[in-house]
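In this chain, residues are counted from 1 in sequence order.
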Amino acid sequence: MKISCSRKLAGFPAGAASQGRRAIKKILLIEDDDTFGLLLAAYFRTAGYATDRATSAKEGLRKLDSGSWDAAIVDLTLPDEDGIVLTRMLRARSSIPIIVSTGRNGREDRLAALELGADDFVTKPFEPRELVLRLDNILRRGERRGRPSGPRLLCAGGELDLAGHALVAPSGECLDLGATEFALLRFLARNPDRVLTRAQIIDAIAAGEPPESERAVDIRMSRLRRRLKSIGLDAALLKTVYGVGYKLTLPRRPLSPAGR
């Protein structure tokens with residue numbers, strides 16, 4: 001049975017969803033409605049999750065970039081940005097599960113959210129227990145598939161240290177990265193050999209300010225190539241796809257004698 005935001009957290013045993021969970025999962029809740037946001041945060045806490053709430057798209061993006069999250073719950077109606085756009089930007093930055101939670105029940109919103117990478121879509125009012133169970137299932141599936149969330153990613157012949165926000169060359173030389181450079185390289189490294197449009201790149205590096213122009217993306221890529229070269233990495237692996245965007249290719253391994 002569906003319940004409204006005013007209902008208490010009844011009918012869900014304390015810690016029931018957390019039984020057997022070794023580590024507390026961290027949920028980013030992007031919801032501007034205080035009553036509903038507090039209700040969901042309390043319910044997730046009862047179910048064994050830790051939550052941090054953002055009340056705007058800008059705050060949500062900032063928290064996503066500054067923390068480590070296991071999933072995000074996103075409302076579509078936010079004061080500074082449409083939740084569909086925010087879903088697109090979140091997916092460009094991260095592979096964590098995204099569940100859209102909204103009072104908008106239009107078919108087009110549902111299709112758009114799922115097409116842009118949301119893992120699930122629930123319409124208010126709903127029973128919070130259902131949302132917790134949906135999230136439990138998504139996280140279990142993600143763990144079985146092994147979502148790409150390791151501490152390092154291959155990048156231009158070196159490795160991108162996700163925890164340290166640094167690029168590490170095979171020689172051991174380390175290049176510290178600014179927030180935008182890190183977001184840009186992380187997006188490229190998470191999508192190796194895939195052509196990424198300038199619009200997709202802007203989504204991945206936007207910091208809540210007015211979006212960068214496509215020309216600004218080209219300038220950043222030029223600077224990034226110079227920084228890659230400065231520590232002996234292969235800047236030629238960062239390729240321009242004319243008329244479309246960019247891609248970061250993986251180094252080709254030489255063929256073994258048996259493979260020739």
Exercise for the section: To the nearest 0.5 Å, tell me how far M89 CE sits from I202 CD1. Expected result: 9.5 Å

Handout entry: V100 and F121, any side-chain heavy atoms less than 4.5 Å apart
Key = yes

Exercise for the section: Kindly give the heavy-atom pair with the smallest separation between P97 and D119, and that separation in Å. Expected result: CA-OD1, 3.2 Å

Problem - Heavy-atom closest contact (P128 atom, L40 atom, distance) - result: CB-CD2, 4.4 Å

Practice task
Consider only side-chain heavy atoms of I, L, V, M, F, W and Y, link residues closer than 4.5 Å, and tell whether L64 and V74 are in one cluster.
Solution key: yes

Exercise for the section: Give a yes-or-no answer on whether the side chains of N137 and R140 include a donor-acceptor pair shorter than 3.5 Å. Expected result: yes

Problem - Contact check, side chains of L90 and L61, non-hydrogen atoms, under 4.5 Å - result: yes

Problem - Separation of L175 CG from D161 CG (nearest 0.5 Å) - result: 12.0 Å

Handout entry: D203/R88 salt bridge by N-O under 4.0 Å criterion
Key = yes

Completion exercise
Value for CZ (R220) from CG (L185), rounded to nearest 0.5 Å, stands at 11.5 Å

Problem - Joint cluster assignment, L228 & V217, ILVMFWY side-chain distance < 4.5 Å - result: yes

Handout entry: K63 and D52 ion-paired at < 4.0 Å
Key = yes

Practice task
For residues Q200 and R194, determine if any side-chain heavy atom of one lies less than 4.5 Å from a side-chain heavy atom of the other.
Solution key: yes

Practice task
Drop me the distance from R110's CZ to T102's OG1, to the nearest 0.5 angstrom.
Solution key: 10.5 Å

Problem - salt bridge (Lys or Arg N to Asp or Glu O under 4.0 Å) between D70 and K26, worked out - result: CA-CA 5 Å; D70 293 289; K26 293 177 60 181; over 6 Å; no

Handout entry: Electrostatic pair R53:D32 at N-O distance under 4.0 angstrom
Key = no

Exercise for the section: Evaluate the side-chain contact (heavy atoms from CB on, under 4.5 Å) criterion for residues R186 and D65: first the C-alpha distance (whole Å), next the side-chain angles of each, then the deciding distance (0.1 Å), finally the verdict. Expected result: CA-CA 11 Å; R186 180 179 60 188; D65 290 340; 3.5 Å; yes

Problem - Ion pair check, K58 and D80, cut-off under 4.0 Å - result: no

Fill in the blank from the handout: Correct closest heavy-atom pair for L139 and K25 would be CD1-CG, 4.2 Å

Exercise for the section: Would you name the heavy atoms of G157 and L233 that are closest together and state the gap between them? Expected result: C-CD2, 3.9 Å

Practice task
Determine whether V122 and L116 fall in the same hydrophobic cluster, where Ile, Leu, Val, Met, Phe, Trp and Tyr are linked whenever their side-chain heavy atoms lie under 4.5 Å apart.
Solution key: no

Practice task
Answer yes or no: is there a side-chain heavy-atom contact under 4.5 Å between L76 and D109?
Solution key: yes

Problem - Partner set under ring pair (Phe, Tyr, Trp, His ring centres under 6.0 Å) for F44, not counting sequence neighbours - result: Y49

Handout entry: Cation-pi geometry met for K124 and F36 (6.0 Å, 45°)
Key = yes

Handout entry: D218 and R198 ion-paired at < 4.0 Å
Key = yes

Problem - L160 and L177, any side-chain heavy atoms less than 4.5 Å apart - result: yes

Problem - Aromatic centroids of F187 and F182 separated by under 6.0 Å - result: no

Problem - side-chain contact (heavy atoms from CB on, under 4.5 Å) assessment of L238 paired with M221 - result: CA-CA 8 Å; L238 178 52; M221 288 295 186; 3.9 Å; yes

Practice task
Verify side-chain contact (heavy atoms from CB on, under 4.5 Å) between E59 and R62, making sure each step is shown before the conclusion.
Solution key: CA-CA 5 Å; E59 185 184 9; R62 179 178 60 78; 3.6 Å; yes

Exercise for the section: Grab the two heavy atoms, one from A204 and one from A183, that are nearest each other, plus how far apart they are. Expected result: O-CB, 3.8 Å

Problem - Stepwise side-chain contact (heavy atoms from CB on, under 4.5 Å) check, D33 with D75 - result: CA-CA 9 Å; D33 184 284; D75 182 38; 5.9 Å; no

Exercise for the section: Please check if L184 and V168 belong to a single hydrophobic cluster, counting links between Ile, Leu, Val, Met, Phe, Trp and Tyr side chain heavy atoms closer than 4.5 Å. Expected result: no

Handout entry: Within residues 60-99 or reaching into it, pairs that qualify as ring pair (Phe, Tyr, Trp, His ring centres under 6.0 Å) - sequence neighbours excluded
Key = none

Practice task
Establish whether F126 and I73 are linked, either directly or via other cluster members, by ILVMFWY side-chain heavy-atom contacts under 4.5 Å.
Solution key: yes

Handout entry: Nearest-0.5 Å distance, CD1 of residue I96 to CG of residue L28
Key = 6.5 Å

Practice task
Nearest 0.5 Å please: distance from the CD atom of E31 over to the CG atom of L39.
Solution key: 10.0 Å

Problem - T240 and R225 side chains, donor-acceptor separation under 3.5 Å - result: yes

Practice task
Could you tell me whether the side chain of R91 reaches within less than 4.5 Å of the side chain of I98, counting heavy atoms only?
Solution key: yes

Practice task
Check whether any side-chain heavy atom of I30 lies under 4.5 Å from a side-chain heavy atom of L86, and answer yes or no.
Solution key: yes

Practice task
Decide yes or no for L188 and C155: does some side-chain heavy atom of the first lie under 4.5 Å from some side-chain heavy atom of the second?
Solution key: no

Problem - Minimal non-hydrogen separation, T249 against K247, with atom names - result: CG2-CE, 3.7 Å

